[in-house]
S.K.: 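Encoded as structure tokens, here's the structure I'll be asking about.
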Amino acid sequence: MENQEFKIRIDATREKVWSILWDDVTYRQWSSVFSEGSWAATDWQKGSKVLFLDDNYCGMVATIAEIIPNEFMSFKHLGTVDDGEEDIESEHVKEWAGALENHTLETVDGKTELTINIDVTEEFKDYFLNVWPEALKKIKELAEKSPVLLPVV
């Protein structure tokens with residue numbers, strides 16, 4: 001496995017970017033670049049299980065290795081999910097089990113720099129090299145767009 005790093009600078013506070021990353025509605029929007037219908041089932045607490053799923057209940061299973069609100073989230077990938085069934089035992093899964101995916105937010109020149117560090121196998125390297133930049137663009141777009149103004153009743 002090798003580590004890949006992706007960065008983007010976003011004209012929004014760390015708190016707003018954090019919310020875009022982990023709020024259910026916006027998480028579904030930016031993570032759809034990985035798989036249409038993506039969503040996460042978790043309570044977002046350290047040590048908790050996370051199921052990264054699509055509409056067919058297929059995806060990945062991980063744990064939250066570390067969380068510092070508005071600064072850092074680390075996932076430790078454990079296996080796959082297929083039709084709602086978790087696989088953390090097969091040989092294919094064991095090749096990359098334990099891979100980390102870290103999301104770091106830092107304030108740089110009044111903006112938020114979001115850095116993603118992810119351990120990848122050769123098999124998925126090209127996929128992540130193509131998809132993570134698209135996900136970061138979507139996160140930036142969501143964080144920087146103007147808030148929706150509700151009509152006064």
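Side chains are part of it too, since the values below use all heavy atoms of this structure and drop only hydrogens, waters and symmetry mates.
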S.K.: How far apart are the closest heavy atoms of W30 and A135, and which atoms are they?
M.R.: CE3-CB, 4.0 Å
S.K.: Considering only Ile, Leu, Val, Met, Phe, Trp and Tyr, and joining two whenever side-chain heavy atoms are under 4.5 Å apart, list the other residues clustered with F72.
M.R.: I68
S.K.: Quick check: is V17 connected to I67 through a chain of hydrophobic side chains (ILVMFWY, heavy atoms under 4.5 Å apart)?
M.R.: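 Looking at the clustering, V17 is in the same group as I67.
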S.K.: Could you tell me the separation between the NE2 atom of H103 and the OG1 atom of T115, rounded to the nearest 0.5 Å?
M.R.: 11.0 Å
S.K.: State yes or no: do M60 and V93 share one hydrophobic cluster built from I, L, V, M, F, W and Y residues joined by side-chain heavy-atom distances below 4.5 Å, directly or via other members?
M.R.: yes
S.K.: Which heavy-atom pair separates F6 from Q4 by the least distance, and what is that distance?
M.R.: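 Heavy atoms only, the tightest pair is CE1-CB, 3.8 Å.
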S.K.: Tell me which pairs pass salt bridge (Lys or Arg N to Asp or Glu O under 4.0 Å) where either residue lies in residues 52-62, with sequence neighbours left out.
M.R.: none
S.K.: Would you give the length of the straight line joining atom CG of D11 to atom OG1 of T112, rounded to the nearest 0.5 angstrom?
M.R.: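 Output value for this atom pair is 8.5 Å.
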S.K.: First locate atom OG1 of T26, then atom CD1 of I20, and finally report the distance between them rounded to the nearest 0.5 Å.
M.R.: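 One finds 4.5 Å between OG1 of T26 and CD1 of I20.
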S.K.: Sequence neighbours excluded, which residues qualify as side-chain contact (heavy atoms from CB on, under 4.5 Å) partners of R9?
M.R.: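 If we apply the side-chain contact (heavy atoms from CB on, under 4.5 Å) test to R9, skipping adjacent residues, the hits are V108, D109, K111, E113.
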S.K.: Main chain of C58, side chain of N56: is a donor-acceptor contact present, judged purely on distance under 3.5 Å?
M.R.: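 Side chain of N56 to backbone of C58: no pair is present.
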S.K.: Taking atom NZ of K94 and atom CG of L78, what is their separation to the nearest 0.5 Å?
M.R.: 13.0 Å
S.K.: Do L21 and L114 make a side-chain contact, defined as non-hydrogen atoms from C-beta onward lying under 4.5 Å apart?
M.R.: yes
S.K.: As an exercise, state the distance from NE2 of H77 to CD of E101, rounded to the nearest 0.5 Å.
M.R.: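 That separation rounds to 4.0 Å.
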S.K.: When hydrophobic residues are tied together by side-chain contacts of less than 4.5 Å, even through go-betweens, does I8 share a cluster with Y27?
M.R.: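 Yes; tracing contacts between hydrophobic side chains, which count when under 4.5 Å, links both residues.
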S.K.: Not counting sequence neighbours, which residues clear side-chain contact (heavy atoms from CB on, under 4.5 Å) with L100? List them please.
M.R.: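 With neighbours one apart ignored, the set is S74, K76, N102, D119.
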S.K.: Using atom types as modelled, flag every donor-acceptor pair under 3.5 Å from a side chain in residues 46-53 to any protein atom, sequence neighbours excluded.
M.R.:
residue: K46; atom: NZ; partner: E66; partner atom: OE1; Å: 3.1
residue: S48; atom: OG; partner: D43; partner atom: OD1; Å: 2.5
residue: S48; atom: OG; partner: D43; partner atom: OD2; Å: 3.3
residue: S48; atom: OG; partner: Q45; partner atom: O; Å: 3.1
residue: K49; atom: NZ; partner: E86; partner atom: OE1; Å: 3.3
residue: K49; atom: NZ; partner: E86; partner atom: OE2; Å: 2.9

S.K.: List the atom pairs, donor and acceptor, that lie under 3.5 Å between side-chain atoms in residues 121-132 and the rest of the protein, sequence neighbours left out.
M.R.:
residue: K125; atom: NZ; partner: E2; partner atom: OE2; Å: 3.3
residue: Y127; atom: OH; partner: F34; partner atom: O; Å: 2.8
residue: N130; atom: ND2; partner: D126; partner atom: O; Å: 3.0

S.K.: Given the rule that I, L, V, M, F, W and Y join up when any side-chain heavy atoms are under 4.5 Å apart, are I88 and V81 in one cluster?
M.R.: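 Yes, because I88 and V81 connect within a single hydrophobic cluster, where side-chain heavy atoms sit under 4.5 Å apart.
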S.K.: Side chains of K137 and K140: does their closest heavy-atom pair fall under 4.5 Å?
M.R.: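 A side-chain contact is absent here, since even the closest heavy-atom pair is not under 4.5 Å.
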S.K.: Under 30°, 30 to 60°, or over 60°: which ring-plane class applies to W44 and W22, parallel, tilted or perpendicular?
M.R.: tilted
S.K.: Within this structure, what is the CD1-CD distance for the pair I139 and Q29, rounded to the nearest 0.5 Å?
M.R.: 11.5 Å
S.K.: Would you indicate whether the side-chain heavy atoms of E71 and L105 approach each other to under 4.5 Å?
M.R.: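 No, every pair of side-chain atoms sits at 4.5 Å or beyond.
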S.K.: Just by modelled atom types, is the S38 backbone N or O under 3.5 Å from a matching donor or acceptor in the S35 side chain?
M.R.: no
S.K.: Taking the side chain as every heavy atom from C-beta outward, state whether F75 and I64 have any atom pair closer than 4.5 Å.
M.R.: yes
